[in-house]
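Only one structure is covered here, and it is reproduced in the block below.
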Amino acid sequence: MLKKMRVYIKSLYLISLLILICSIIIVDSTEIIIENENDLINSINDASGKNEIIFNVNDKEIEIFNNIQINNIKKISITGKSKDTSSLKFNDISNGLFFNNVNSIEFFNLTIDGYLYFESIRNLNIEDVNINGAIDFHETKENLSLNILINHLIYHAVISEKKYNCINIYGLVEINNSTFFGSPSCEDSLLNYNGENQNNLNITYSHFDGAYSNNCLSVSNSLKTDIGSCIFENGGAYINGGGAIRSINTILNVNNTDFINNFSSSNGGVLYIYDSDVTKVNNCNAYNSTAIERGCFIYMTNSHDYEIMTYIYNITQSYTGFSSLPIKSGGLIASVEGFSSLYINNFYGEYFNAGNGGSAFIMNDKGKINIENIMLQYVMGNSKGGVLLRSISDYIYSIYYEPSEFSVDNGYFTDFYQNYKKDSALFIYTETNTKIKLTNCYIYNINGRSSNFIYSYGLSIIIIDNVTIDRVGSDGPSSLFKNVKYSNHEDTIISYDNGEINVRNSMFNQMQGCSYSYLCTGKIKLEYEIINNKLINIGINTTINIKNSTFTYIFSDNFFNGKKNSTFIIEDSVIADNYILNSILCVDSSSDLGLGQYTINNVEFSSNIAYYGTILNILEMDSNTQITFNNSSFYYNNGIHYGGIVYSISSLTNLYVVFNNCKFSNNYSSHGVISFSYSKSSEPYFSNIDDLRNIQDSFGTNPTKLVLTPDSIDHFSFVSGGIVTGPIKFKILDDYDYEYSRFIDLINYSEITDIMYFKVDINDTYNAAVIGQTISYCLNDYCEVPNVKVVGNPGNYKLQMRIISNQYYIELLIFLET
């Protein structure tokens with residue numbers, strides 16, 4: 001019983017204490033109805049020492065002509081009936097409410113036209129309020145413990161004089177279901193938040209409109225900023241970057257947010273990320289967003305010596321670069337600089353206009369971009385770089401660090417166009433110390449003006465695995481891969497290239513190096529010449545490995561070209577149905593063409609068409625080039641003029657070209673269906689040469705003999721000045737005693753390189769001479785000497801028929817009588 005009484009007495013004591021506390025609070029709380037400015041001023045003056053004061057604004061507009069100072073009150077509430085009917089209107093919009101040393105402030109259900117200034121406060125609650133004016137928080141140490149809650153605010157930046165930011169805010173801030181409108185009177189940001197490295201910002205279901213004048217939201221020094229289900233539109237960043245959001249030294253998360261019509265005159269059309277350790281952007285849409293310099297969707301850079309990370313998931317970006325001011329640099333999607341890394345997963349983009357710039361992505365210094373699941377369509381570039389990527393690195397700087405990296409896994413890229421001619425690429429352009437990796441990609445309809453598909457300028461590693469490249473073209477000479485770097489010094493060009501390219505499980509189809517020139521209109525160009533258009537063109541000390549890949553329906557001058565000490569390794573691949581103006585591999589040591597080591601293992605070459613050797617065309621050769629074919633097959637290739645597979649006029653080809661255990665079937669050429677060489681002794685080494693020579697016309701050489709036809713005279717005599725009436729006919733044979741039969745039938749339908757010319761001369765030019773048409777041509781499978789005159793002293797002479805541009809000739813005995 002005693003214990004129960006003690007509990008009862010204790011309970012009564014607690015109840016009494018609570019009643020006492022409540023009585024004290026009620027006594028110190030004052031509620032005032034405001035009818036005019038004087039009521040407000042007088043009530044504030046009388047509120048000194050009060051714990052709480054509540055101002056009620058009825059359904060009316062209260063006009064205020066002076067600044068209102070509110071100081072040293074623990075809590076103040078200003079409440080209206082409705083924001084549509086209750087308002088505090090300052091006659092001069094630059095005047096307003098100034099709060100200092102107020103612990104807690106609340107605004108409910110009203111409209112405020114004027115300036116709000118806060119200093120040394122702890123709590124701010126804004127609920128269902130319209131504010132037309134500017135808002136500032138003074139930066140003090142008390143802001144570190146400041147808490148701000150904003151719900152259902154509609155804010156318009158109505159400002160009479162120029163101001164740097166419309167709103168400056170600090171503390172632990174939460175904003176929900178609110179709308180913010182900027183103004184040209186604010187020079188930089190609509191809302192500028194500083195977390196002072198201790199506070200967080202959270203924004204949900206809110207709308208920011210920069211009025212084409214302001215960065216919508218600038219966040220700095222925030223421990224964490226979360227933005228969800230918001231809209232950022234009409235942002236305009238003209239002083240610093242970030243048309244929609246600027247993040248400096250902040251951990252930023254953005255989810256389920258739309259970005260519409262955002263613009264930056266510098267960097268970051270939508271997002272500007274600086275020194276922010278982690279940024280995550282998920283399930284967002286960006287429409288009509290542009291940065292004049294770099295990064296139309298995101299620009300990220302880092303001044304630290306450690307890596308910052310940005311993760312982008314489930315993004316749609318469309319209609320980029322269609323502003324009245326053209327883009328100058330690029331990064332139509334992203335620009336990544338400094339020690340920064342960007343990861344993208346599930347990205348869709350379409351309709352990108354580069355203006356005077358280019359490249360969907362730009363990397364600088366030690367940047368990294370890794371992409372999974374991306375689809376890009378209708379992208380136009382108009383500047384130095386590649387339409388997909390431009391990687392820029394300082395050579396001296398980059399050699400001390402890991403290379404910049406760019407990788408794409410599962411990419412779909414269609415309808416790209418490069419409108420810039422010099423130092424550009426249809427797809428990727430890299431500078432020193434860059435690693436490129438493309439896997440599981442489909443690339444279709446990529447075109448441009450004399451641009452290489454991948455242009456590697458210096459130290460680079462390129463890996464291509466399971467990639468299909470279909471319908472790529474340029475209106476002038478270009479390459480699929482080109483790795484080269486030149487330095488001009490005292491008019492001397494020095495190549496110092498290094499790099500690595502790995503191509504695996506990939507397909508290259510319908511690529512044209514000059515798709516808009518007369519070379520690609522279907523006209524057959526019959527004369528032989530070297531044009532600087534190579535499918536894969538690499539520099540010195542560069543290696544390319546191609547494995548299990550297919551090259552089909554490609555129009556190019558030649559396929560592979562290397563410099564000194566470069567290496568080509570091609571294995572388990574197919575090269576078929578291509579039209580090559582010169583040959584798949586051209587070698588001319590006198591012009592540094594086709595140098596390096598070439599190893600081809602188990603490759604099928606079929607149905608390729610060229611003019612002089614579909615696979616090899618060798619003009620001059622030395623030890624700087626080594627070519628080896630192992631276990632490869634050659635079917636239905638057509639060397640239109642000479643050499644179905646090999647055309648060589650070098651006397652050293654036998655030392656540096658090897659075919660080991662290779663198969664040849666149904667190849668065609670007018671002379672030498674497998675090989676046409678300078679001579680029999682200088683043709684390439686074939687391990688199965690004896691079997692191959694059983695194939696009719698399998699090998700041919702330059703002319704080595706001229707023989708008279710059976711119906712030709714072999715000697716005659718006449719008086720000086722007489723006409724040689726003949727007939728004198730001869731045929732041309734090679735080292736295999738095969739007759740040359742590639743003579744024209746109708747001279748009017750042939751070009752000059754089709755014609756075999758010969759000259760008629762005499763062996764003793766001191767005592768005799770040939771007069772008349774001494775140069776003629778061969779026709780209908782034989783050559784016939786025209787009617788010429790021979791004048792001279794009586795004696796025995798030899799009439800000579802010599803093939804022009806060739807040391808081989810035939811002599812015919814003639815006698816001049818007195």
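Given the structure is predicted, the values throughout are model-derived calculations rather than measurements.
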Pairs of donor and acceptor atoms involving the side chains of residues 348-357, under 3.5 Å and at least two apart or interchain, shall be tabulated with distances.
| from | atom 1 | to | atom 2 | distance (Å) |
| --- | --- | --- | --- | --- |
| Y348 | OH | E350 | OE1 | 2.6 |
| Y348 | OH | Q377 | NE2 | 2.9 |
| N353 | OD1 | G355 | N | 3.3 |

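- In this structure, CG in L325 is found 9.0 Å from OG in S265, a value given to the nearest 0.5 Å.
- The aromatic rings of F181 and H207 sit tilted relative to each other, their planes meeting at an angle between 30° and 60°.
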Counting only pairs under 3.5 Å, give me each side-chain donor-acceptor contact of residues 284-293, with atom names and distances, residues two or more places apart or in other chains.
| from | atom 1 | to | atom 2 | distance (Å) |
| --- | --- | --- | --- | --- |
| N285 | ND2 | D258 | OD1 | 3.0 |
| N288 | ND2 | N261 | OD1 | 2.9 |
| T290 | OG1 | G321 | N | 3.0 |

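- Closest approach of F339 to H304, counting heavy atoms only: CB-O, 4.2 Å.
- Scanning for side chain to side chain donor-acceptor pair (under 3.5 Å) contacts around N177 gives an empty result, with sequence neighbours left out.
- Aromatic ring centres of Y115 and F98 lie closer together than 6.0 Å.
- K328 meets the salt bridge (charged side-chain N to carboxylate O under 4.0 Å, His left out) test with no other residue; sequence neighbours excluded.
- Sorted by first then second residue, the ring pair (Phe, Tyr, Trp, His ring centres under 6.0 Å) pairs that include residues 215-240, not counting sequence neighbours, are F208-F232, F232-F259, Y238-F263.
- A salt bridge is defined here as a Lys NZ or Arg NE, NH1 or NH2 lying under 4.0 Å from an Asp or Glu carboxylate O, and K83 with D128 meets this definition.
- For K368, there are no salt bridge (charged side-chain N to carboxylate O under 4.0 Å, His left out) partners at least two apart in sequence or on another chain.
- Annotation for I148 and Y170: closest pair CD1-O, 3.3 Å, computed over non-hydrogen atoms.
- Between K280 and D226, no side-chain nitrogen of the basic residue sits less than 4.0 Å from a carboxylate oxygen of the acidic one, so the salt-bridge criterion is not met.
- Distance CG/N199 to CG/L172: 5.5 Å, rounded to 0.5 Å.
- Between the CG atom of L376 and the CD atom of Q317 there is a distance of 8.5 Å, given to the nearest 0.5 Å.
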